[in-house]
Amino acid sequence: MAPKKIGAGGRDSSILAKISNYEIVSQGRRAACDAVHVSKKLLKSTGKAAWIAGTTLLILVVPLILELEKDQHLSEFEFQQASLLGTPPVGAML
């Protein structure tokens, strides 16, 4: 009689070999591999989408915000200048 091989966990390795040969185990492995593959593709495409959104924001939205801020400061400056000279502001004539 051959001695039984004991695995690292203290379990009989022949039981582990029998369990790993079941169809459900191989289906589970395939499902896990497929899930990992889909997750990697999703992360990669999400990164690309984030890069596109970030560069679009920098190219289109940031200059617009800067221009609006510049326009607001110019309006405030004109209002201050008009109040110092004693003329009523343009918006107050309505």
Side-chain angles (χ1 to χ4, degrees):
M1 180 174 190
K4 289 185 179 181
K5 296 180 182 177
I6 304 296
R11 294 191 177 117
D12 191 7
S13 62
S14 63
I15 293 174
L16 190 58
K18 287 179 185 179
I19 291 173
S20 64
N21 288 333
Y22 287 138
E23 180 64 25
I24 190 76
V25 174
S26 61
Q27 286 177 354
R29 276 194 196 128
R30 278 194 299 266
C33 289
D34 290 344
V36 167
H37 179 69
V38 168
S39 297
K40 284 181 181 179
K41 287 180 95 174
L42 181 65
L43 285 173
K44 189 174 182 180
S45 64
T46 302
K48 286 180 183 179
W51 185 84
I52 290 170
T55 53
T56 302
L57 180 78
L58 286 174
I59 292 172
L60 298 176
V61 177
V62 171
L64 177 66
I65 291 172
L66 292 175
E67 191 62 34
L68 290 173
E69 206 171 296
K70 179 179 160 185
D71 206 25
Q72 182 183 4
H73 285 295
L74 183 63
S75 301
E76 289 175 3
F77 176 72
E78 288 175 349
F79 180 77
Q80 286 177 353
Q81 190 176 19
S83 66
L84 287 174
L85 294 175
T87 58
V90 178
M93 291 183 176
L94 299 175

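These numbers come from a predicted model, not from an experiment.
Taking Y22 as the reference, I19, I24, V25 meet the side-chain contact (heavy atoms from CB on, under 4.5 Å) condition, with sequence neighbours excluded. Annotation: side-chain contact (heavy atoms from CB on, under 4.5 Å) contacts of Q81 (sequence neighbours excluded): F77, L85. The side-chain contact (heavy atoms from CB on, under 4.5 Å) check on Q72 picks up E76, with sequence neighbours excluded. Evaluation of the side-chain contact (heavy atoms from CB on, under 4.5 Å) rule for V62 yields L58, L66 as partners, not counting sequence neighbours.
Hydrophobic clustering keeps L60 apart from I52 (ILVMFWY residues linked when any side-chain heavy atoms are closer than 4.5 Å, directly or through intermediates).
Counting only residues at least two apart or on different chains, the side chain to side chain donor-acceptor pair (under 3.5 Å) pairs with a member in residues 28-55 are E23-R30.
Cluster partners of L64 are L68, counting Ile, Leu, Val, Met, Phe, Trp and Tyr whose side-chain heavy atoms approach within less than 4.5 Å, directly or via other members.
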